[in-house]
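As a basis for the values below, the full set of heavy atoms in this structure was taken, side chains included, without hydrogen atoms, waters or symmetry mates. Since the structure is predicted, the reported quantities are computational estimates derived from the model, not experimental observations. When a ligand or atom number is given, it counts from 1 through the structure's own listing order. Position 1 is the first residue of the sequence, and the numbers go up from there.
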Amino acid sequence: MQKYDVVVIGAGPGGYVAAIRCAQLGLSVACIEGWLDEKGKPALGGTCLNVGCIPSKALLDSSHHYEFLKNDALEHGITASGVSIDVNRMIARKSKVVSILTQGIASLFRKNKIEWLKGHGRLLPDKRVEITPVGDETTEISVVEAEHIIIATGSVPATIPVAEVDQDRIVDSTGALTFNQAPRTLGIIGAGVIGLELGSVWRRLGSEVVILEALDELLPAVDRQIANEAFKTLQKQGLDIRLGAKVTGTGSNNQQVIIHYEDKEGKHQINVDRLVVAVGRKPNTSFLGAKEFGLQLDESGFIQVDDQCRTNKPGVFAIGDVVRGPMLAHKASEEGVMVAELIAGQGGHMNYGIIPWVIYTWPEIAWAGKTEQDLKSDGTAYRVGAFPFIASGRARAMSETGGTVKCLAAADSDRLLGVHIIGPNASELIAEAVIAMAFDGSAEDIARTIHAHPTLAEAMHEAALAVDGRPIHI
Ligand code: FAD
Ligand code: NAD
């Protein structure tokens with residue numbers, strides 16, 4: 001039986017990064033992955049590369065260009081006539097982007113001498129893993145043995161009984177990445193990250209989008225000021241977000257999906273051409289044999305781990321979406337690095353308090369650290385500094401003046417506790433805040449750092465100055 005220092009199960013951003021880091025540290029590594037791509041071929045990269053982060057951002061970028069040409073180019077003096085959209089070509093570009101990147105992981109595996117075992121891995125006693133082949137390309141090895149196992153089996157879309165996904169009229173996020181035309185009317189259940197991102201894509205391409213959200217407020221984890229601004233901006237763009245809306249059932253009349261829902265005002269019915277169910281994701285342990293192996297799971301099915309991703313079984317770690325914490329690609333990857341370094345005998349550490357979040361609507365929403373509502377409920381004394389993009393020279397030059405940067409700093413030490421942005425390129429701007437917080441930086445540290453002019457990053461500089469009541473441009 002083939003024995004490895006490390007066997008990784010799952011090759012999403014958690015598993016493939018863990019495998020590469022283990023190999024860099026001189027460990028022998030095999031990675032078991034059972035994903036089949038659109039053509040039924042085995043593929044690395046997991047949810048993120050195949051049906052998550054990358055394809056959704058490819059469509060967000062394409063649809064943003066389309067909307068710019070249709071609505072915003074004229075302001076720059078550009079007349080774009082006859083602008084039209086070829087959705088199939090857009091989807092084909094998305095698929096090409098995905099396949100280039102997933103093949104890139106395969107070549108990184110070859111470079112790092114990581115063995116890719118194609119199939120589903122199931123845990124057996126004594127740190128052995130059985131591989132059940134999937135698709136046509138089978139792996140000959142059927143059981144491998146490992147000194148250490150890293151489980152990185154990710155997550156799958158959550159389902160609700162009132163709207164059963166058929167991947168035709170009622171789809172999940174994966175189905176919503178492959179429509180061959182913009183539905184005239186699109187319903188979405190869930191105004192979370194996926195609902196807002198994919199809702200934006202199809203709205204830009206011409207769909208009338210209605211989003212039904214069970215909660216009474218949008219994005220409860222986001223700083224309230226930023227979430228309220230996001231709500232107003234997205235509504236103004238034409239996303240019809242209905243809060244406090246509980247879907248009670250769905251039906252069909254051949255042509256359309258009929259959605260029944262209730263809110264404070266009573267019972268309602270709407271008909272849509274397509275419906276996306278985006279109500280969260282759940283941990284994926286379906287092929288793993290986790291319970292038989294004796295792994296402790298929590299009541300929601302997440303594999304229980306300590307701060308360093310150790311499970312209850314010695315030598316067996318679990319990382320990424322299948323364990324507690326935010327379901328984000330970069331969180332999964334950093335846990336992969338931490339665990340690889342622990343296995344190699346190095347220290348392993350990760351700062352869970354400053355994992356950045358980004359919602360890729362336009363304007364983008366990004367944050368790290370504590371929100372104002374967190375600080376209030378903790379009883380932490382803080383100071384706030386905010387700067388609107390309307391006062392930024394660069395934002396004005398770009399005609400992208402919507403949004404705000406908001407810094408929260410400790411009242412006594414001035415330490416940065418949270419940074420919240422809604423605005424152009426917020427996804428890139430948040431990195432500065434994360435670095436400052438990682439070094440325990442203060443608002444004054446950012447205020448005294450020279451930012452190039454004219455840049456959007458100057459808004460961060462000004463928000464930091466505003467914490468001390470001395471912004472220059474407002
Ligand atoms: P996954 O990426 O889910 O990978 C798990 C892998 O394990 C899969 O390839 C699966 O086939 C494999 N596997 C499962 N069981 C077995 C088994 N028994 N044997 C072998 N292989 C197995 N996150 C961001 O940070 N930024 C974004 O912009 C973003 N956008 C997203 C957009 C969408 C539409 C979706 C759905 C998700 C998005 N996410 C985003 C979330 C991100 O995709 C996940 O957080 C991330 O993929 C988790 O990585 P992972 O390695 O834990 O799991
Ligand atoms: P989510 O948790 O972000 O949002 C789900 C929403 O659905 C919530 O607002 C919830 O209140 C609502 N909901 C749940 N049940 C409902 C029901 N029966 N009726 C109406 N509303 C209901 O989940 P998601 O949008 O499905 O995304 C899943 C995860 O994938 C995210 O939490 C995130 O971790 C990850 N993701 C990240 C990004 C990114 O980083 N940009 C993008 C997409 C997905």
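- Nearest protein heavy-atom contact of atom 44 (C) of ligand 1 is D321 OD2, 3.3 Å.
- Taking a cut-off of under 4.0 Å to the non-hydrogen atoms of H120, the atoms of ligand 1 that pass are 19 (N), 20 (C).
- For atom 15 (N) of ligand 1, the candidate residues are L123, I131, T153, V8; the nearest heavy-atom contact is made by T153.
- Any N or O atom pair closer than 3.5 Å counts here, and G45 shares no such pair with ligand 1.
- Looking only at protein heavy atoms, the nearest one to atom 39 (N) of ligand 1 is C53 SG, 3.7 Å.
- Of all atoms in ligand 1, numbered sequentially from 1 with element shown, those under 4.0 Å from a heavy atom of A332 are 49 (O), 52 (O).
- Of the possible polar contacts, one joining the H420 side chain to the K370 backbone as a donor-acceptor pair under 3.5 Å is found.
- Within the 4.0 Å heavy-atom cutoff, I189 counts among the residues contacting ligand 2.
- Atom numbering of ligand 1 starts at 1 in the shown order; those under 4.0 Å from a heavy atom of H330 are 25 (O).
- Among protein heavy atoms, atom 41 (C) of ligand 1 sits closest to M327 O, 3.6 Å.
- Salt-bridge annotation for E229 and K236: absent, with no side-chain N of the basic residue lying under 4.0 Å from a carboxylate O of the acidic one.
- Residues A158 and V277 share a closest heavy-atom pair of O-CG1, 4.5 Å.
- With hydrogens and angles disregarded, no donor-acceptor distance shorter than 3.5 Å links the side chain of R310 to the backbone of V339.
- Salt bridge D263/K246: absent, no basic N to carboxylate O contact under 4.0 Å.
- Both the backbone and the side chain of A329 come within contact range of ligand 1, each with a heavy atom under 4.0 Å.
- Under 4.0 Å from ligand 1, the heavy atoms of N284 that appear belong solely to its side chain.
- For a threshold of 3.5 Å applied to N or O pairs, the pair formed by V358 and ligand 2 contains at least one separation below that value.
- Residue-ligand proximity, L328 to ligand 2, at heavy-atom distances under 4.0 Å covers atoms 40 (O).
- Nearest heavy atoms, G301 versus T285: O-CG2, 4.3 Å.
- At a heavy-atom cutoff of 4.0 Å, ligand 1 is contacted by the side chain of R281 but not by its backbone.
- Contact analysis puts G119 in contact with ligand 1, with a non-hydrogen atom separation below 4.0 angstrom.
- Within ligand 1, counting atoms from 1 as listed, the ones closer than 4.0 Å to a heavy atom of G46 are 2 (O), 4 (O), 8 (C), 9 (O).
- A salt bridge between E130 and R122 is present, with a side-chain N of the basic residue lying under 4.0 Å from a carboxylate O of the acidic one.
- Distance alone, capped at 3.5 Å, is enough to place a donor-acceptor pair between the T153 side chain and the N284 backbone.
- In this structure, atom 6 (C) of ligand 1 lies nearest to the protein heavy atom E33 OE1, 3.5 Å.
- Nearest protein neighbour of atom 7 (O) of ligand 1, counting heavy atoms only, is G10 CA, 3.2 Å.
- In this structure, K313 is positioned above the aromatic face of F293, its NZ or CZ under 6.0 Å from the six-membered ring centre and within 45° of the axis.
- For K57, a nitrogen or oxygen atom sits less than 3.5 Å from a nitrogen or oxygen atom of ligand 1, counting backbone and side chain alike.
- Distance alone, capped at 3.5 Å, is enough to place a donor-acceptor pair between the T361 side chain and the P363 backbone.
- Across the listed options A163, G52, A214, A214 owns the non-hydrogen atom lying nearest to atom 21 (N) of ligand 2.
- Between T47 and ligand 1, at least one pair of N/O atoms sits closer than 3.5 Å.
- Residue A278 places a heavy atom under 4.0 Å from ligand 2.
- Counting heavy atoms closer than 4.0 Å to ligand 1, residue A152 contributes backbone atoms (N, CA, C, O) but none from C-beta onward.
- The protein heavy-atom contact nearest to atom 34 (O) of ligand 2 is M327 O, 2.6 Å.
- For a threshold of 3.5 Å applied to N or O pairs, the pair formed by G14 and ligand 1 contains at least one separation below that value.
- Looking at atom 32 (O) of ligand 2, its nearest protein heavy atom turns out to be W357 CH2, 4.2 Å.
- Of the candidates E213, H330, E364, E213 brings a heavy atom nearest to atom 6 (C) of ligand 2.
- Under 4.0 Å from ligand 1, not a single heavy atom of V358 appears.
- Comparing P13, A43, P283 against atom 49 (O) of ligand 1, the shortest heavy-atom distance belongs to P13.
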Applying side-chain contact (heavy atoms from CB on, under 4.5 Å) to L177 and L59, what does each step give before you reach the verdict?
CA-CA 8 Å; L177 293 168; L59 295 185; 4.0 Å; yes
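- Scanning the protein for heavy atoms near atom 53 (O) of ligand 1, the closest one is G154 CA, 3.1 Å.
- In this structure, the protein non-hydrogen atom closest to atom 13 (N) of ligand 2 is V279 CG1, 4.0 Å.
- In terms of protein heavy atoms, atom 7 (O) of ligand 2 is closest to G190 CA, 3.3 Å.
- For the side-chain contact (heavy atoms from CB on, under 4.5 Å) test with I359, the passing option among I226, I194, V193 is V193; the others fail.
- Looking at I9 against ligand 1, only its side chain comes within 4.0 Å, counting heavy atoms.
- When each atom of ligand 1 is checked for a heavy atom of G320 under 4.0 Å away, the hits are 52 (O).
- Interface atoms of ligand 2 facing L215, defined by a heavy-atom separation under 4.0 Å, are 11 (O).
- Closest to atom 18 (N) of ligand 1 among all protein heavy atoms lies G121 O, 3.0 Å.
- For atom 43 (C) of ligand 2, the closest non-hydrogen atom on the protein side is I194 CG1, 3.4 Å.
- Near S56, meaning under 4.0 Å from one of its heavy atoms, ligand 1 places the atoms 32 (C).
- At a heavy-atom cutoff of 4.0 Å, ligand 1 is contacted by the backbone of S155 but not by its side chain.
- Only the side chain of E197 comes within 4.0 Å of ligand 2, counting heavy atoms alone; its backbone N, CA, C and O stay farther away.
- Among protein heavy atoms, the minimum distance from atom 23 (O) of ligand 2 is reached at G280 CA, 3.2 Å.
- Atom 1 (P) of ligand 2 has its closest protein heavy atom at G192 CA, 4.1 Å.
- A salt bridge does not link E372 to R224: none of the charged side-chain nitrogens sits closer than 4.0 Å to a carboxylate oxygen.
- For the residues R242, E217, R281, K331, the heavy atom positioned nearest atom 30 (O) of ligand 2 is part of R281.
- Among all protein heavy atoms, the one lying closest to atom 37 (C) of ligand 1 is G52 CA, 3.9 Å.
- Closest approach of V419 to I430, counting heavy atoms only: O-CD1, 3.7 Å.
- Selection from I160, I211, V193 by nearest heavy atom to atom 38 (C) of ligand 2 gives V193.
- Of all the atoms in ligand 1, the ones that sit under 4.0 Å from a non-hydrogen atom of C48 are 2 (O), 43 (O), 47 (O).
- For ligand 1, the atoms closer than 4.0 angstrom to any heavy atom of G34 are 20 (C), 21 (N).
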